[in-house]
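Notes follow once the structure below has been shown.
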Number of protein chains: 2
Amino acid sequence: MSEAVSRPTLEAVAARAGVSRATASRVVNGGDGVREPLVERVRRAVEELGYVPNQAARSLVTKRHDAVAVVIAEPETRIFTDPFFALQLRGISKELTAQDNQLVLLLTEGRDDHARVARYLAGGHVDGALVFSLHLDDPLPGLIEGAGVPTVFGGRPGWSGGSKSAVYVDCDNRGGAEDAVRHLVGLGRTRIAHITGPLDQTSAADRLQGYRDVMGETDPRLVVASDFTPSGGERAMGELLDRCPDVDAVFAANDLTALGALRVLRERGRRVPEDVAVIGFDDVLPVAEQTEPALTTVRQDIEEMGRLMARLLLSTLNRGEPATGAPTGVVLPTTLIRRATA
Amino acid sequence: MSEAVSRPTLEAVAARAGVSRATASRVVNGGDGVREPLVERVRRAVEELGYVPNQAARSLVTKRHDAVAVVIAEPETRIFTDPFFALQLRGISKELTAQDNQLVLLLTEGRDDHARVARYLAGGHVDGALVFSLHLDDPLPGLIEGAGVPTVFGGRPGWSGGSKSAVYVDCDNRGGAEDAVRHLVGLGRTRIAHITGPLDQTSAADRLQGYRDVMGETDPRLVVASDFTPSGGERAMGELLDRCPDVDAVFAANDLTALGALRVLRERGRRVPEDVAVIGFDDVLPVAEQTEPALTTVRQDIEEMGRLMARLLLSTLNRGEPATGAPTGVVLPTTLIRRATA
DNA sequence: TTGAAAGCGCTAACAT
DNA sequence: ATGTTAGCGCTTTCAA
């Protein structure tokens, strides 16, 4: 565009350095098996000409793109409220950058886009995909499997089809929830409630499972469904107080939910943690450190999960194998962070 | 990878349709000047073979990539707390998708990455760039100008160098601020304070300017600097109350700041809006609608700004011209949204 | 309207 | 260790 100032080619570099194109190529790609003086001359030519390899030409022959798609399914409205995805993206970006790969972002808006994404992935424009799609009935994972592109999922995928073992990275949602509830029990609480996330997402389902693991059979009114948002947390907490005025602890499915719950508890004059103890999940700092009182919560290292997804995918790509037999799911540990609410 | 099941080429499609590669290519690219029966046959062949064009091969000859880079400078820690960027990204993504372009995301972490980004852009991997970099002294815009890639900035760029008129999309920060402050004046408030954003960002600087436009010379203690975060808002509000206990209105530089301010006002027993009226900026729904009381704020259509950036860039690309003489800055209007705090 | 053929810039055998 | 050469899959003159 602009100045039609066509960029220098390898040919030009070779000419300037007085070597063949092949030698120039070798130097540009690491310089193995080329004698020092020549390497030097080529390097200088590259420098002087400001040569940058034409990625399209390179891809055409290598069939590698050094690019990875990150697919985020939009039903995840969370993207826009929860720092979760942003943090994970940052982790992914850091790792890809470190390994000289580009990040192609694919945001989807509903079903129509699924086909588009599948086509894109199948089109072989990227070497692999990192996919966030945690809904139980999401057709995306199936489509992607069909596209035959190496893929790592963010969060345990919950679709029923797909015989193939999906590779994913997740945190120990169940174990983390168990820890939280156990902590509440240890505090002597007996009427421990749980405000769930959207149960069609595996993370929410797993956290509920963790709660049940510890609580066993319990008053069903102590479990109320919500949606990972602050306002959802408010609604749920309100209901909870109406139904079970004697509740003395709440395990919220995430920090945002806890935020809403705290708000309602304050409104209704319950002291935290004296009357009602509260624990969240995620440890998203700008939220957890700023609630009042500061939120006790289950930490997951979100950025690290992103890095790990990228690392896993890239190592798969470099081995050429679709990670068969490799760990099919990597589950990161969680830590209970004690602050003031429990 | 995986099944080494090499994808069908145009050649294969042509063969199957019984036409030349040239004709097949024409059909794939719109089918102009090809007679209907042939178009039909080629289309069917494409369908049957599941043909998808090899973008690398195509780019090699067209010199177009149908890809746009989105550069977000990391000092913007806001990315991870403020829905602002996520929304803008969504707008960008929608528009790019609609015009069949890919979004390559470049997140930068500090200066070292600047060079990397500049090199990437100069490398001609993408057709253009959308850049968020609103710091006064940011070297990035300069580097990018040097890369010679058509670029649209998100927010008025504030760097001093660069003679070339940069194309950018922004909202009317100054006008919006004026509206807000005027509204407070109309409410009969006389001790109107302003909690600023980081003043090395043009948006924050422009909002402060708007405040000054209306207030004229005023008690300097009524202006306190902050950083667009809730905790920053808390600190600033605390200071404000200490210095000027008679403050009766606050214009906060953004919603997150207002959130923090509201928190402190409540703690200190000031009624909102009776004792102190509060107005924010952005109208990020999950924040503004959920404060207590609901926040009166200046709305900017963030997603639309994203769309517009993309649209502007793409039309520039399609015209081949670097938008010289074209609008150098597009400033979207803002609206005051009255809720309960003012 | 259709086809033949010449590259786009690069890598990877293969020769030397 | 270096050079020669044959494509990678596509678009695009140019002829027919």
Side-chain angles (χ1 to χ4, degrees), chain A residues 1 4-43 45-46 49-67 100 122-127 320, chain B residues 1 4-43 45-46 49-67 100 122-127 320:
Chain A
M1 303 296 105
V5 58
S6 58
R7 321 184 28 64
T9 70
L10 233 208
E11 186 75 55
V13 172
R16 177 155 195 133
V19 301
S20 74
R21 213 171 50 214
T23 298
S25 174
R26 289 183 187 110
V27 173
V28 168
N29 292 289
D32 289 357
V34 179
R35 251 191 297 253
E36 192 46 45
L38 285 197
V39 171
E40 197 41 50
R41 267 156 60 195
V42 173
R43 289 251 160 83
V46 165
L49 264 35
Y51 169 78
V52 182
N54 179 321
Q55 182 62 42
R58 181 181 273 172
S59 291
L60 192 51
V61 30
T62 62
K63 270 112 177 58
R64 282 277 305 231
H65 304 266
D66 297 323
D100 262 309
H125 303 294
V126 290
D127 300 326
Chain B
M1 301 297 102
V5 59
S6 59
R7 321 188 28 65
T9 70
L10 231 209
E11 184 75 55
V13 171
R16 177 155 196 133
V19 301
S20 74
R21 213 170 43 199
T23 297
S25 173
R26 291 185 185 107
V27 173
V28 168
N29 292 291
D32 289 356
V34 178
R35 251 192 295 257
E36 191 47 46
L38 284 198
V39 171
E40 196 42 49
R41 265 156 61 195
V42 174
R43 289 251 159 82
V46 165
L49 263 35
Y51 170 78
V52 181
N54 179 321
Q55 182 63 41
R58 179 180 277 173
S59 292
L60 191 51
V61 31
T62 61
K63 271 110 176 59
R64 282 274 309 228
H65 303 267
D66 296 321
D100 262 310
H125 303 294
V126 290
D127 300 326

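Below, chains carry the letters A, B, ... as their sequence lines are ordered, and counting in each starts from 1. All of these numbers come straight from a predicted model, not from anything done at the bench.
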Problem set entry | Heavy-atom side-chain contact between B:Arg16 and B:Leu49 under 4.5 Å | yes
For this session: Answer yes or no: is there a side-chain heavy-atom contact under 4.5 Å between A:Val27 and A:Leu38?
Result: no
Exercise. OP1 or OP2 of D:dG3 sitting under 4.0 Å from any side-chain N/O of A:Ser20?
Worked result: yes
Problem set entry | Shortest side-chain distance from B:Val34, nucleotide among C:dC8, C:dT2, D:dG3 | C:dT2
Exercise. Just how far, in rounded Å, is C1' of D:dC10 from CG of A:Asn54?
Worked result: 13 Å
For this session: Please state how far atom CD in B:Glu36 lies from atom C1' in C:dT2, giving the value in whole angstrom units.
Result: 16 Å
Exercise. Are any of the side-chain heavy atoms of B:Val13 and B:Val42 separated by less than 4.5 Å?
Worked result: yes
Exercise. Contact class for B:Val28 (heavy atom, under 4.0 Å): base, sugar-phosphate, or nothing?
Worked result: nothing
Exercise. Where the side chain of B:Ser25 is concerned, which of D:dT11, D:dC10, C:dT1 is the nearest nucleotide?
Worked result: D:dT11
Exercise. Roughly, in whole Å, what's the span from CZ in A:Arg21 to C1' in C:dA12?
Worked result: 12 Å
For this session: Between B:Val61 and B:Gly18, name the one whose nearest nucleotide on DNA chain C is closer to the 5' end.
Result: B:Gly18
For this session: Nearest whole angstrom, please: distance from the P of C:dC10 to the NE2 of B:His125.
Result: 11 Å
Problem set entry | Listed nucleotide nearest any side-chain atom of B:Ala22, set D:dT12, D:dG3, D:dC10 | D:dT12
Problem set entry | Comparing B:Gly33 and A:Thr62 on DNA chain C - which has the more 5′ nearest nucleotide | B:Gly33
Exercise. Roughly, in whole Å, what's the span from NZ in B:Lys63 to P in D:dT11?
Worked result: 14 Å
Problem set entry | Nearest-Å distance for atom pair CG/C1', residues B:Asn29 and D:dC10 | 9 Å
Exercise. Nearest to the side chain of A:Leu60, which nucleotide is it out of D:dA1, D:dG9, C:dT1?
Worked result: D:dG9
For this session: Could you check if a side-chain atom of B:Arg7 sits within less than 4.5 angstrom of a side-chain atom of B:Asn54, using non-hydrogen atoms only?
Result: no
For this session: Nearest whole angstrom, please: distance from the P of D:dC8 to the CZ of A:Arg58.
Result: 19 Å
For this session: Would you name the heavy atoms of B:Thr9 and B:Tyr51 that are closest together and state the gap between them?
Result: C-CE1, 3.6 Å
For this session: Could you state the atom-to-atom distance from CG of A:Leu10 to C1' of C:dA12 in whole Å?
Result: 13 Å
For this session: Report the nucleotide, chosen from D:dT2, C:dT2, C:dC10, that has the shortest atom-to-atom distance to any side-chain atom of A:Thr23.
Result: D:dT2
Exercise. Any idea which of D:dG9, D:dT2, C:dA6 is nearest the B:Ala57 side chain?
Worked result: D:dG9
Exercise. Is any N or O donor-acceptor pair between the side chain of B:Arg26 and the base of C:dG3 shorter than 3.5 Å?
Worked result: yes
